[in-house]
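Worksheet: the structure to be examined is printed underneath.
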Amino acid sequence: MNAAPATILRQHLIDPEICIRCNTCEETCPVDAISHDSRNYVIDAAKCKLCYNCISPCPTGAIDSWRNMPADRAYPIAEQLLWDSLPGQIALDQGGTTGAGTEVGAGNTAGETPADVAQIAAASTAGQGGTAPPPWSAAHPYVNLYGIHQPAVATVSGNFRLTAEDASSDIRHIVLDFGNASFPVLEGQTIGILPPGLDANGKPHHVRLYSVASPREGERPKYNNLSLTVKRVTEDHEGKAAHGIGSNYLCDLKKGDKVNVVGPYGTSFLMPNHPGSHLLMICTGTGSAPMRAMTERRRRKFSAGESLGKQMLFFGARSSGELPYFGPLTKLPKEFIDINFGFSRVPGEPKRYVQDLLRERGEDVARLLKDENTYVYICGLKGMEKGVEEAFTALCQANGLDWNSLRPQMLQQGRYHVETY
Ligand code: A2P
């Protein structure tokens, strides 16, 4: 006698590689099917009623993940909690029994993109202008589409703390949705925010610039949104108490609030698009925003099976709890990106800055610098510029290169980009 074929369940899952742990899905689920631990957000297949209420509020699209499974073999919560990435779709035969577990790829559904946004985002020509030229293969950036007299009005669709609850800095991931307005941005570009109200002289506040932290296709692919990485400013460079108008305004925003946005800006700090190009990224704190945009762009390509050049990241922060995107970064595959964290304020450990890490990895860094397909990006504290330059000088010398002649050459070729503040 033949066994009855198992029922196929469209199991709703959350992609741990993309999830930024904002808790939106758990808050939204009407049947409490979603829960989390310190590692992953998970969905109980026995409780999920496939109502889709949680799908559109998710700012990243991590929630829009599905696998067809025999109902009696749905992934249990205990297993999902251990995942670093989603398992592939297993092969199912027509009777509903599973094959040998062959992966046949993920199935995501996508939202709508306004036609004009898609058209502009698709236009890709070599960039030009700016003090240092952009990489020769950079997409054409659009700039100044919205000015202060006619800003774009974005709606906040998420505002999540990235740093640990007990961290000294409050760094946030803020997602802005542009609805039907065209606001095309490239990785490395900045946008301007107009804080409401007047300054001490009774004039409107001036524009505050922030680097975009999401890739060109949106924080959530094919959605018309972007993200920012914003640190709440509570003290000045000397450590004296100070209230940052723009950063506090942004960090206090709630879902649904409207924000006036101008820009986009930036024609130089852009990523190369040609196959085989390598990225050498060096950042501290919120200087990670453009690096997140670039790596996320490439992570999506990597997930789609595209072969890419190398990615090497040097990231400095006071401690892991103070490092924005620490959790998601640690989940990225080693073959995708070579990550080096430098922590400066871990009790009992020596202070380590990005320049120390560069020296330690001198041979590998020099190998990348020797390759004319390597593009360097530095973003973060002004102070690190000198230290990074010194590290480049030393590691080049130790590995048969001359930084004094290489640097101007890389600058001229649009392969060396620095944005510090
Ligand atoms: P430090 O602990 O000495 O301040 P912040 O959290 O203030 O944004 O800083 C991010 C990281 O950059 C911290 O680890 C900080 O270390 C580090 N940093 C500060 N000054 C420099 C510098 N001159 N070069 C490299 N890193 C620096």
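The model shown is predicted, which means the values in this text are computed figures rather than measured ones. First listed ligand is number 1; within each ligand, the first listed atom is number 1.
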Taking [X] first and then [Y], would you say they form a salt bridge - that is, a charged N and a carboxylate O separated by under 4.0 Å?
X	Y	answer
Arg216	Glu187	yes
Lys386	Glu389	no
Arg220	Asp64	yes

Distance filter under 4.0 Å to [X] heavy atoms, resulting ligand 1 atoms:
X	answer
Arg318	5 (P), 6 (O), 7 (O), 13 (C), 14 (O)
Thr284	10 (C), 12 (O)
Arg345	1 (P), 2 (O), 4 (O)
Lys231	5 (P), 6 (O), 7 (O), 8 (O)
Gln355	24 (N), 25 (C)

Which side-chain N or O atoms in residues 279-291 pair as donor and acceptor under 3.5 Å with protein atoms at least two apart or in another chain?
{"residue": "Thr284", "atom": "OG1", "partner": "Leu381", "partner atom": "N", "Å": "3.0"}
{"residue": "Thr286", "atom": "OG1", "partner": "Tyr421", "partner atom": "OH", "Å": "3.1"}
{"residue": "Ser288", "atom": "OG", "partner": "Gly285", "partner atom": "O", "Å": "2.8"}

The single option from Leu145, Val143, Thr190 passing side-chain contact (heavy atoms from CB on, under 4.5 Å) against Pro264
Leu145
Considering heavy atoms of the protein only, find what lies nearest to [atom] and give residue, atom and distance to 0.1 Å.
atom	result
atom 20 (N) of ligand 1	Tyr353 OH, 3.6 Å
atom 14 (O) of ligand 1	Ser344 OG, 2.6 Å
atom 19 (C) of ligand 1	Leu381 CD1, 3.4 Å

Any nitrogen or oxygen of [X], side chain or backbone, less than 3.5 Å from one on ligand 1?
X	result
Ala317	yes
Val354	no
Lys351	yes

Assess whether atom CG of Asp402 is packed by more than 12 heavy atoms of other residues, nucleotides or ligands within 6.0 Å.
yes
Under 4.0 angstrom from ligand 1, any heavy atom of Gly316?
yes
Can you tell me how the ring of Phe315 sits relative to the ring of Phe341, calling it parallel under 30°, perpendicular over 60° and tilted otherwise?
tilted
Aromatic rings Tyr416 and Phe392: how do their planes relate, parallel, tilted or perpendicular, breaks at 30° and 60°?
perpendicular
Location of contacts on Met384 toward ligand 1, heavy atoms closer than 4.0 Å:
both
Pairwise side chain to side chain donor-acceptor pair (under 3.5 Å) hits with a residue in residues 314-330, at least two apart
Ser168-Arg318, Ser168-Glu322, Ser169-Glu322, His173-Tyr325, Thr229-Tyr325
